[in-house]
Amino acid sequence: MRAHASVLHLDLDAFFAAVEQRDKPSLRGKPVVVGGVGGRGVVATASYEARTYGVHSAMSTREARSRCPHAAFLSGRFHAYRDTSKVVMALLRAASPLVEPLSLDEAFVDLEHSGLPDLEIETVTAFAADLRAQVREATGGLTASVGLGTSKFIAKVASDLDKPDGLTVVPPGTELTLLRPMRVSVIPGVGPATAERLRRAGIHTVEDLEAVSLDELVRLLGKAHGGGLYHLARAEDDRPVVPEREAKSVSVEGTYDTDLTDRRLMEGLLTRQAGEVAGRLRKHGLSGRTVTIKVRLHDFTTLSRSSTLPSPTDRTSTIARVARGLLTDLDTSGGVRLLGVGVSGLADWIQEDLFGEDQEDEEVPVEVEVPTSRQRRTWAPGMDVVHAGMGRGWVWGSGRGVVTVRFETAESPAGPVRSFAEDDPELSPWVPQEPAEDPPP
DNA sequence: TCTGGGGTCCTAGGACCC
DNA sequence: TCTGGGGTCCTAGGACCC
């Protein structure tokens, strides 16, 4: 916790809806709901006019429609939101070099490095007021709510106190006076499940939480969560403002208006999603080792299956095949409402770079060598192979002198798995004859 | 026909290695 | 034949955030 209120949190008010109202004057002053407009959509952002009718984010669009039938329901223009967000983030970075975006519409700014003459209340307040004016000016009228405090936690709580279009400063030393009467759910990380656990233990407010020992909290919520809450309840928060964080995973998922039952269709959708994930990996110069699929069944139970490859990949064909293979383990006979594919375990180097050329996502033709018992060969996951006895397959995994191959058949795209010694003379790379499945960028 | 999409972090158990 | 502990990696699930 700092001696000065030098952490600023900025939150653009009803961001998506506000961008729509800015760009379409006919929507100004009217209820606007941005989110999924399909049968299973939810609200991403509701304008303040729509909130009057009890519409809020995360509510199903169906419910929102019944509460406010005359609202404009929009599916969202993410390019516009991204562009506007960039304008705001650039403006924040011009004000202070240390800016940590949390999402398109939210960021922390560290005023310690902003070049202000001092960090007294008057100074930082004037700075924040000026920043808000700049945001409004640069975005064509969007408003932001801003909080200032001695830590991220306090700044974030502060920005919520006067919404929309507000500015709240929590003077150093007054944090606990502010927090104590508040519900535990003001603490970031206390969602419905944690709040319910605490409630059952008779803990409702931050003041209640402050009275609980560290041991008791850890017993109740686990080591990391309990320990974190113990300190936050005392307004102890040393988390630094971190400008850039590396991505840890890339994923794509989709919820379908009617439950899927056709496995071939599911495989096709997974393949398409794998292509989107691979494309985004390549766009950012990333590759990853762990492929995960997510499957939400008709009854909303959510399953995940993952498989870690021996080396990172950014290729559609590999990700798609692993994903389809993972699906084979699952019983989807009751119907599937959501499918997703993700890649994690990211490395910022690309495997194909080893070959010295920008291979993008093309199949890499493999030199067919005559295997000898002493020769060590590299079997990359996803590589097409042919086995004299089993026919064509692809490398599922390898290591410790063993290569595992999955053989696709007409009946099953992720058919039988067999393991071979990696120098098995019956096993050899297969040179593809079909064109690469991804278009060049 | 309740319940999105893109993320992060944590936990717990098992495998495996030293 | 019995018995260790620690560390790391992997997998599955869950909570949470915007």
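Here the structure is a predicted model, which means the values were calculated and not measured. We name chains A, B, ... by the order of the sequence lines, and we start the count at 1 in each one.
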Using 4.0 Å as the upper bound for N to carboxylate O, is an ion pair formed by A:D238 and A:R2?
no
I'd like to know if A:K152 and A:D110 make a salt bridge, using a cut-off of under 4.0 Å between side-chain N and carboxylate O.
no
P atom, B:dT3 versus C:dC17: distance in rounded Å?
22 Å
Any sub-3.5 Å donor-acceptor pair from A:R62's side-chain atoms to A:R40's backbone N or O?
no
Only stems of 3 or more consecutive Watson-Crick or G-U pairs count here, both distances under 3.5 Å; name the ones for DNA chain C, or none.
B:5-18 with C:5-18
With respect to the side chain of A:V42, which nucleotide from B:dT8, B:dT3, B:dG5 is positioned closest?
B:dT3
Selection from B:dT8, B:dG6, C:dC16 that lies nearest to any side-chain heavy atom of A:R280:
B:dG6
Students often mix this up, so state it plainly: with edges at 30° and 60°, are the rings of A:H70 and A:Y53 parallel, tilted or perpendicular?
perpendicular
N/O contacts under 3.5 Å, protein versus nucleotides 11-13 of chain B?
from	atom 1	to	atom 2	distance (Å)
B:dT11	OP1	A:K223	N	3.4
B:dT11	OP1	A:A224	N	3.0

Which sits closer to the 5' end of DNA chain C, A:S304 or A:R289, going by the nucleotide each is nearest to?
A:R289
Classify A:V190 by what it touches in the nucleic acid, base, sugar-phosphate, or nothing, heavy-atom distance under 4.0 Å.
sugar-phosphate
Residues of residues 87-111 of chain A with a heavy atom under 4.0 Å from any atom of DNA chain C, listed by number, are A:S103, A:D105, A:E106
